[in-house]
Amino acid sequence: MSGKRWSLYHIKDFRIRTKLFLSNMILILFISTAIGGAAIYASTKFIESNTRDLSMQVIHQVSDNIENRAKEIFTSSVYILSDSSIRQIVSEQGEQVNTDNYPAFRSRMEFLLAQYGNGNPYMNAIMIQTGKGQVYWWENKKGLDHALNQEDTAEITKNGAAYLTNHGLDMGWSPSLRKRNEVLLVRNFVDISQIDRSLGTIVFSIDSAYFLSLGSGSSIIKQNNVAILNPYNELLAGGGDPVTDNLILLSSKDELAEEDASMATVENAGSGSHLFVQERTPTLKWRVLCFIPMSVLLSDTRVLVLVILLVSVLAVMISTGIAAQLSKSSTRNIKILEQTMRRVEDGNFDVRIAPLGKDEIGSLAVRFNFMLVRINELITTVYKEQIAKQQAEFTVLMSQINPHFLYNTLGTVKWYARMNQQLEIERMVTSVIDLLKSSVRRVGEFHPLEQEIVQLNNYIYIQKIGYGDAFRVEYEVEELCLGCEVPYFVLQPLVENAILHGIEMSKGNGCIRVCAKAQENQLILIVADNGIGMSDEQAANLLNTVTRKESVPGVTGIGIHNVNERIQLYYGNNYGLSYESALGAGTKAIVRMPYRPYRQRRNEHVERHDR
């Protein structure tokens with residue numbers, strides 16, 4: 001009782017749309033099941049009745065064809081009896097047959113019989129025993145498991161003659177006297193000139209497939225479910241497996257009455273029910289039996305059942321769509337609100353909900369729009385604050401010295417060095433001035449890679465004055481990369497780090513290689529040295545905010561860390577700086593950024609000349 005109350009309470013809490021949908025589905029399923037079940041039952045009975053009538057028609061045609069084929073074999077036997085050459089050898093007219101000339105007569109007879117046997121591929125053998133005991137035969141080597149010999153032929157023809165005597169016949173159809181897959185036609189070799197005179201016995205061996213293959217073109221009658229019995233209920237052809245043999249045995253109680261030509265009943269052989277159809281041939285009085293599994297007869301109903309099920313499912317689906325559409329209008333506004341929330345969950349805060357009415361749902365939509373506006377404002381404020389913080393850090397880094405004061409002071413030193421013809425001092429001061437120009441006169445945060453390399457050359461010139469020939473710098477820059485956009489001071493911190501912590505510590509002849517190449521819409525900048533290198537752990541932690549001061553002793557990493565943060569700020573986290581290094585094998589700094597041709601941005605102004 002408590003379970004029932006819980007079920008009712010649970011259904012009561014369902015939404016109206018769900019209740020309407022469930023009630024419609026229950027009604028649809030009930031109607032579809034009732035109609036489909038009635039249709040399947042009626043169709044099964046109809047197909048069973050039609051199949052039984054069709055089986056009767058097919059077995060009638062098969063029985064007629066079987067008798068016609070039996071008549072063809074009988075006709076062949078008449079031709080042999082009428083052959084004067086064969087009759088002369090059998091009756092031993094003229095020369096008597098003895099041990100010496102028997103092989104010659106045997107060969108002559110085989111040649112004569114071959115003319116009648118080779119025309120039928122189902123003919124296994126033709127055997128003759130004369131009244132004086134001589135035996136002749138022809139055999140189809142492909143039709144037998146082994147070759148006949150004189151003893152076998154004598155035994156078969158002797159048994160054939162006994163079969164005729166036992167049944168009081170001049171001609172009869174006998175089951176195989178040696179194996180089950182052949183039918184024997186046994187008849188007396190009568191003298192055509194004296195019909196009451198018998199010259200011996202003739203036996204025809206015919207493969208049973210000659211009769212059983214007649215129904216193979218039918219979808220319900222096959223060789224393995226057909227059997228042929230002679231008037232003495234002897235099995236001529238068919239059977240061979242336990243199920244069919246059991247059905248043949250059961251058929252003896254359903255033998256046709258004299259006035260009946262055919263009948264059909266249902267028999268059970270322990271492996272399922274079978275439709276048992278039998279018909280008596282008009283002349284030979286053979287019983288042609290056919291056992292058709294009911295599962296085969298009703299196989300067509302499976303297709304019909306499948307069609308009915310598919311139609312029912314299709315009807316249920318269409319009805320489900322209509323029911324869902326009818327109940328959808330009551331919850332449409334809530335669905336729109338839910339979809340908008342999902343878009344907000346994906347990070348889109350610019351979506352808005354159109355007015356949904358003046359009810360509670362409409363009021364909720366208005367409040368939701370106000371909330372999105374406020375969230376968007378907060379996100380924008382935090383983002384701008386983060387950019388301003390990064391920009392302030394870069395500005396502080398670049399303003400640690402007063403570039404205007406140094407620029408004016410170094411201009412005076414350059415003029416004084418020229419006055420005193422100090423060319424090296426003048427060249428060194430010029431390089432320093434050019435470096436300061438890039439800071440004082442720069443517009444925006446970007447310039448071409450070509451200009452970045454010019455600034456790097458000025459820095460390297462100043463460094464080589466102090467280090468001498470301790471290192472050299474090589475460039476491998478693709479021509480198409482010179483016009484690419486890069487942030488200011490992206491290469492100088494990397495080269496400075498290579499000189500201070502790679503080349504200087506190695507105390508050897510150092511080499512710094514600066515490369516630039518375009519690869520898959522990316523600009524790749526590489527600064528590699530042949531210095532002392534780093535371990536994998538040091539290289540991995542070099543850019544880590546927490547561990548970078550401890551990863552390389554004596555290196556603060558402020559410059560290179562700033563390069564990485566600026567690139568990610570401008571282009572996103574998919575770009576930036578990475579290191580590859582190994583102890584004693586040098587260090588390689590790799591910068592990845594989008595491949596973009598340099599264009600002056602809107603917030604950049606024309607370069608001004610400070611005095």
Side-chain angles (χ1 to χ4, degrees), residues 68-165 169-174 176-179 181-211 236:
N68 290 334
R69 288 203 168 183
K71 290 179 180 179
E72 292 177 6
I73 303 299
F74 173 78
T75 302
S76 297
S77 69
V78 174
Y79 289 153
I80 291 177
L81 297 180
S82 303
D83 192 306
S84 59
S85 298
I86 296 176
R87 191 170 64 253
Q88 184 178 3
I89 296 174
V90 173
S91 62
E92 297 185 6
Q93 296 177 1
E95 185 178 0
Q96 299 295 319
V97 180
N98 53 43
T99 305
D100 295 332
N101 60 12
Y102 173 76
F105 283 101
R106 158 82 180 88
S107 177
R108 175 64 178 167
M109 179 66 78
E110 183 177 13
F111 173 78
L112 294 173
L113 293 177
Q115 300 179 34
Y116 300 96
N118 288 331
N120 189 339
Y122 292 95
M123 185 74 70
N124 291 338
I126 302 175
M127 295 163 280
I128 299 175
Q129 185 178 49
T130 67
K132 295 182 179 181
Q134 301 292 346
V135 292
Y136 305 95
W137 71 93
W138 165 89
E139 64 173 322
N140 183 353
K141 296 296 190 300
K142 297 181 180 180
L144 297 176
D145 295 333
H146 61 278
L148 288 171
N149 53 39
Q150 187 172 1
E151 290 75 13
D152 293 336
T153 305
E155 180 69 18
I156 294 174
T157 53
K158 179 181 178 181
N159 292 335
Y163 180 84
L164 295 179
T165 302
L169 301 173
D170 293 327
M171 183 191 70
W173 294 86
S174 165
S176 174
L177 300 177
R178 51 181 176 166
K179 56 183 180 179
N181 61 345
E182 66 176 0
V183 181
L184 300 182
L185 170 61
V186 184
R187 66 174 302 173
N188 292 327
F189 199 111
V190 297
D191 190 348
I192 299 299
S193 58
Q194 299 178 17
I195 299 178
D196 57 344
R197 177 188 174 195
S198 176
L199 300 178
T201 305
I202 182 170
V203 178
F204 289 78
S205 172
I206 305 99
D207 196 311
S208 59
Y210 182 65
F211 302 102
L236 297 179

Give a yes or no on whether the backbone of [Y] and the side-chain of [X] come within a donor-acceptor separation of less than 3.5 Å.
{"X": "Asn188", "Y": "Val190", "value": "no"}
{"X": "Asn101", "Y": "Gln96", "value": "yes"}
{"X": "Thr75", "Y": "Lys71", "value": "yes"}

Measure the [atom1]-[atom2] distance between [X] and [Y] for me, rounded to the nearest 0.5 Å.
{"X": "Ser85", "Y": "Gln115", "atom1": "OG", "atom2": "CD", "answer": "8.5 Å"}
{"X": "Ser205", "Y": "Ile156", "atom1": "OG", "atom2": "CD1", "answer": "7.5 Å"}
{"X": "Ser77", "Y": "Met171", "atom1": "OG", "atom2": "CE", "answer": "7.0 Å"}
{"X": "Glu139", "Y": "Glu110", "atom1": "CD", "atom2": "CD", "answer": "7.5 Å"}
{"X": "Glu72", "Y": "Ile206", "atom1": "CD", "atom2": "CD1", "answer": "11.0 Å"}
{"X": "Leu184", "Y": "Thr157", "atom1": "CG", "atom2": "OG1", "answer": "11.0 Å"}

Contacts of type ring pair (Phe, Tyr, Trp, His ring centres under 6.0 Å), residue Trp137, not counting sequence neighbours
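For Trp137, no residue satisfies ring pair (Phe, Tyr, Trp, His ring centres under 6.0 Å) once neighbours in sequence are set aside.
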Among residues at least two apart in sequence or on other chains, which ones pass ring pair (Phe, Tyr, Trp, His ring centres under 6.0 Å) with Tyr136?
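Counting only residues at least two positions away or on another chain, Tyr136 forms a ring pair (Phe, Tyr, Trp, His ring centres under 6.0 Å) with Tyr102.
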Leu199 vs Arg87, test: side chain to side chain contact (heavy atoms under 4.5 Å, CB included). Steps then yes/no.
CA-CA 8 Å; Leu199 300 178; Arg87 191 170 64 253; 3.8 Å; yes
If I compare all heavy atoms of [X] with all of [Y], which pair ends up nearest, and what's the gap?
{"X": "Ala70", "Y": "Trp173", "answer": "O-CZ2, 3.6 Å"}
{"X": "Pro121", "Y": "Asn140", "answer": "O-ND2, 3.6 Å"}
{"X": "Met123", "Y": "Gly117", "answer": "CB-O, 3.8 Å"}
{"X": "Leu113", "Y": "Ile86", "answer": "CD2-CD1, 3.9 Å"}
{"X": "Val186", "Y": "Gly160", "answer": "CG1-O, 3.3 Å"}
{"X": "Val183", "Y": "Leu236", "answer": "CG2-O, 3.3 Å"}

Do [X] and [Y] make a side-chain contact, defined as non-hydrogen atoms from C-beta onward lying under 4.5 Å apart?
{"X": "Ser174", "Y": "Tyr163", "value": "yes"}
{"X": "Leu148", "Y": "Met127", "value": "yes"}
{"X": "Ile128", "Y": "Val135", "value": "no"}
{"X": "Phe189", "Y": "Leu81", "value": "yes"}
{"X": "Gln134", "Y": "Arg106", "value": "no"}

For Tyr210, does the six-membered ring have the charged nitrogen or CZ of Arg69 within the cation-pi criterion, i.e. under 6.0 angstrom from the centroid and within 45° of the normal?
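Arg69 over Tyr210 ring: yes.
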Take Lys158 and Thr201 through the side chain to side chain contact (heavy atoms under 4.5 Å, CB included) test and state the conclusion after the steps.
CA-CA 8 Å; Lys158 179 181 178 181; Thr201 305; over 6 Å; no
Please check if the number of heavy atoms outside Asp170 that lie under 6.0 Å from its CG is greater than 12.
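No, not enclosed.
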